[in-house]
Number of protein chains: 2
Amino acid sequence: MVGRSSRVTIHDVAKAAGVSVSTVSKALNDTGRMTAETRDKIKSIATGVGFRPNALARSLLFNRSFTVGLLTNDTYGRFTLPLMSGISEALVDQGVSVFLCAIEDDPKLAKIHVDAMLDKQVDGIIATGKRIDRSLPVDLAGLPVPVVYAYSQGTEGSVILTADDAQGAQLAISRLRSTGRRRLVHITGPESFASALERANAFQRTVGPDAKVLFGEWTEAWGHQSIAALFDAEGERPDGIFCGNDQIARGVVDALRERGLRVPEDVAVVGFDNWEIVAAQTRPALTTIDMNLKELGRIAGLTILDLAEGRPVAPGLRKLPCSLVVRQSCGSSDQGN
Amino acid sequence: MVGRSSRVTIHDVAKAAGVSVSTVSKALNDTGRMTAETRDKIKSIATGVGFRPNALARSLLFNRSFTVGLLTNDTYGRFTLPLMSGISEALVDQGVSVFLCAIEDDPKLAKIHVDAMLDKQVDGIIATGKRIDRSLPVDLAGLPVPVVYAYSQGTEGSVILTADDAQGAQLAISRLRSTGRRRLVHITGPESFASALERANAFQRTVGPDAKVLFGEWTEAWGHQSIAALFDAEGERPDGIFCGNDQIARGVVDALRERGLRVPEDVAVVGFDNWEIVAAQTRPALTTIDMNLKELGRIAGLTILDLAEGRPVAPGLRKLPCSLVVRQSCGSSDQGN
DNA sequence: TCAATAAGAGAAAACGTTTTCTCAGCCGAA
DNA sequence: TTCGGCTGAGAAAACGTTTTCTCTTATTGA
């Protein structure tokens with residue numbers, strides 16, 4: 001059995017206007033030849049009966065669905081939502097909609113979703129994850145549609161978009177230095193995370209070879225622990241701490257406060273991620289690095305569009321700059337002078 | 001100019017098999033009459049050449065796109081993502097995909113997205129927001145497709161799904177009581193939020209007419225402040241606190257600890273929302289109420305499917321039960337005995 | 001052996017568009 | 001008057017499916 005639409009079609013418009021469907025189509029698309037009079041009459045009739053062209057029919061004809069898929073295994077949406085927001089913003093005025101597919105590290109589920117998207121003729125797929133150094137549990141190479149990796153590992157020769165961790169680290173360091181801090185320490189997550197490593201390397205390159213880096217976990221608890229370790233030990237104590245993420249930074253700030261140290265007067269702290277919910281609720285609120293994921297999403301959207309429309313895009317890894325978000329945990333930049 | 005597909009179509013299969021497209025269609029769909037031999041041969045050829053039917057063409061024919069739209073103004077994704085996850089889970093094995101549209105309280109943007117979804121012939125729309133007592137900035141009544149409201153205000157006669165705030169409150173209260181607490185206080189967000197009010201009313205109904213309720217903000221800072229107010233004042237001090245959300249609860253727990261009060265030994269605390277990132281990082285980790293948004297999403301998905309397929313669904317407000325998530329902030333339930 | 005029935009498979013229409021092709025009418029020029 | 005060119009508009013094909021209808025061939029029963 002075949003469904004029947006109750007929506008108004010171009011045939012209804014044609015009937016109402018007393019012309020053929022071809023004339024209606026040409027009138028509405030400002031193509032073909034006809035008197036301005038005819039065109040205007042048809043247009044007004046079309047809006048009068050509330051005609052909106054069926055995108056499915058167009059898609060079938062143009063082999064272009066004006067739809068892209070966003071594949072993610074980031075259940076929390078820590079990265080996905082800002083990204084999604086940027087993608088959507090870049091594409092909405094092109095009339096492109098976004099399928100969001102949450103695959104929970106499940107290869108089977110991933111395949112189902114990818115197949116469904118392909119069946120629905122998406123113009124492209126954006127793959128994203130929660131780690132820059134892991135790929136989704138599904139092979140996206142050799143698909144009949146373009147793929148862009150955003151904040152996820154990608155295959156050889158593909159387009160990969162990511163935040164510039166090293167530049168972000170440098171931003172944090174120069175902020176700390178501009179407030180007069182000289183004894184800097186970096187407290188971050190596991191060494192096994194590429195972004196932790198990248199930031200740590202940038203930290204050591206910039207601060208000096210024996211600059212102290214503490215690898216641990218991405219948790220508040222680790223922030224607490226590392227402060228205990230740093231301040232219970234003998235020797236020089238840091239006056240500026242760059243944290244690998246905002247949760248660690250929160251733990252650090254809380255631990256410092258509990259020890260009677262003032263933030264930012266005694267120790268300045270800079271976080272990473274600008275996760276509002278953490279950064280803004282910390283007292284004092286965190287100065288932190290924002291990866292501009294929304295902008296990353298916007299560029300991912302534009303890129304997939306370029307690829308879908310056959311415009312050339314240079315493959316390879318593209319690092320987008322981070323920016324500094326100033327709150328209170330690092331003082332004002334003239335404070336040190 | 002009309003696009004040309006490079007994908008393999010049913011015509012290619014027909015050519016490869018030396019039969020007509022109708023026969024191929026019937027073979028693959030297990031309809032029509034033909035020898036089992038023919039059917040099997042066609043099926044194996046189809047998989048051999050990697051044929052996958054174009055969902056657009058089917059949709060056009062059946063007037064059914066196997067696509068639903070999720071409209072949200074919850075930018076943070078505090079509610080949207082669990083909901084999305086549930087919806088997706090409920091629909092994925094029906095072959096239904098989800099368009100996620102983030103509209104930032106912008107009526108124009110909302111209209112654009114809704115129009116785009118209608119043009120793409122979505123089978124239904126699920127509307128969700130960040131408050132149960134606010135509706136999205138777009139009128140979804142009278143659309144040619146079914147609409148389900150999930151965690152959002154809906155129009156008269158529509159299907160509205162929400163969490164049972166009163167039942168959630170009762171869950172928290174009975175937990176506090178079962179650990180032996182008798183002097184209960186409720187600290188929550190602004191009175192202007194329907195869910196704050198609903199929980200507060202349930203609290204007072206259950207605990208007693210002069211049970212203390214403190215309305216404020218949904219922030220940690222408010223949690224701190226209210227503890228200061230409660231414990232600096234004369235008179236009876238609470239030994240059990242039910243908080244309106246996890247952020248308040250975190251503020252409360254931190255403030256109690258700073259005062260030298262032990263949680264849960266001296267004061268037991270129950271939160272609301274089960275927002276992992278807050279609840280799990282609090283020390284002690286929060287016992288809290290989970291609104292089961294994923295389940296809510298699952299039901300929303302199934303409901304929109306029912307409506308899309310013409311099955312009857314009773315309109316009106318449907319409240320789904322919350323559940324208790326036990327961590328450490330409320331002790332164990334036999335502790336009070 | 002013949003007719004009635006069933007089986008197997010193809011042709012064509014339909015879904016709602018857009019575009020190319022065709023055609024009728026009209027005007028001006030030779 | 002006749003022919004070439006232009007203008008306005010419709011017919012038809014195409015996109016990739018599914019389904020109904022029709023037709024040919026084979027099988028069965030008398």
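So that the names make sense, note that chain A is the first sequence line, chain B the second, and so on, each numbered from 1. These numbers come from the heavy atoms of this one structure, side chains and all, not from hydrogens, waters or symmetry mates.
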Side-chain heavy atoms of [X] within contact of [Y], under 4.5 Å:
X         : Y         : value
Thr162(A) : Tyr149(A) : no
Leu320(B) : Arg318(B) : yes
Asp12(A)  : Phe51(A)  : no
Lys130(B) : Asn73(B)  : yes

### Query
Is there a donor and acceptor pair, one atom on the side chain of Lys26(B) and one on the base of dG8(C), closer than 3.5 Å?
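A donor-acceptor contact between them is absent.
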
### Message
With hydrogens left out and only the distance checked, is there a donor-acceptor pair under 3.5 Å joining Ser22(B)'s side chain and the base of dA11(C)?
### Response
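Indeed there is one.
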
What's the closest nucleotide to the side chain of [X] if the choices are [options]?
X        : options                   : result
Leu61(A) : dA9(C), dT17(C), dT19(C)  : dT17(C)
Arg58(A) : dT18(C), dG10(C), dG10(D) : dT18(C)
His11(A) : dT18(D), dG16(C), dG16(D) : dG16(C)
Ser25(A) : dT17(C), dT18(C), dG8(C)  : dT18(C)
Arg33(B) : dG10(C), dA7(C), dG16(D)  : dA7(C)

### Closest non-hydrogen atom pair, Met291(B) against Phe79(B)
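In terms of heavy atoms, the two residues are closest at CE-CE2, 3.7 Å.
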
### Task
Select base, sugar-phosphate, or nothing to describe what Thr38(A) touches, counting heavy atoms under 4.0 Å on all strands.
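Answer is sugar-phosphate: Thr38(A) comes under 4.0 Å of backbone atoms only.
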
### Task
Tell me what Arg64(A) touches on the nucleic acid: a base, only sugar-phosphate, or nothing, going by heavy atoms under 4.0 Å.
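Nothing: the residue Arg64(A), judged by heavy atoms under 4.0 Å, touches no strand.
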
### Task
Would you mind telling me which residue lines up with the more 5' stretch of DNA chain C, Asn54(A) or Gly18(B), judged by nearest nucleotide?
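Closer to the 5' end of DNA chain C: Gly18(B).
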
### Message
Whether Thr23(B) contacts dG10(C) is assessed here as follows: a side-chain N or O lying under 4.0 Å from the phosphate OP1 or OP2. Is that the case?
### Response
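For Thr23(B), the contact criterion (side-chain N or O under 4.0 Å from OP1 or OP2 of dG10(C)) is met.
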
### Query
Looking only at side-chain N and O atoms, does Asn29(B) come under 4.0 Å of OP1 or OP2 in dT18(D)?
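Yes, because at least one side-chain N or O of Asn29(B) sits under 4.0 Å from OP1 or OP2 of dT18(D).
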
### Query
Backbone N or O of Ala308(A) within a donor-acceptor pair of the Asp123(A) side chain at under 3.5 Å?
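Not a single qualifying donor-acceptor pair exists.
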
### Task
Could you verify whether a donor N or O on one side chain and an acceptor N or O on the other, from Lys120(A) and Ser97(B), lie under 3.5 Å apart?
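Yes, side-chain donor-acceptor contact under 3.5 Å.
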
#### Entry: Nucleic acid contacts - residues 40-51 of chain B versus DNA chain D, non-hydrogen atoms under 4.0 Å
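Only Phe51(B) qualify.
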
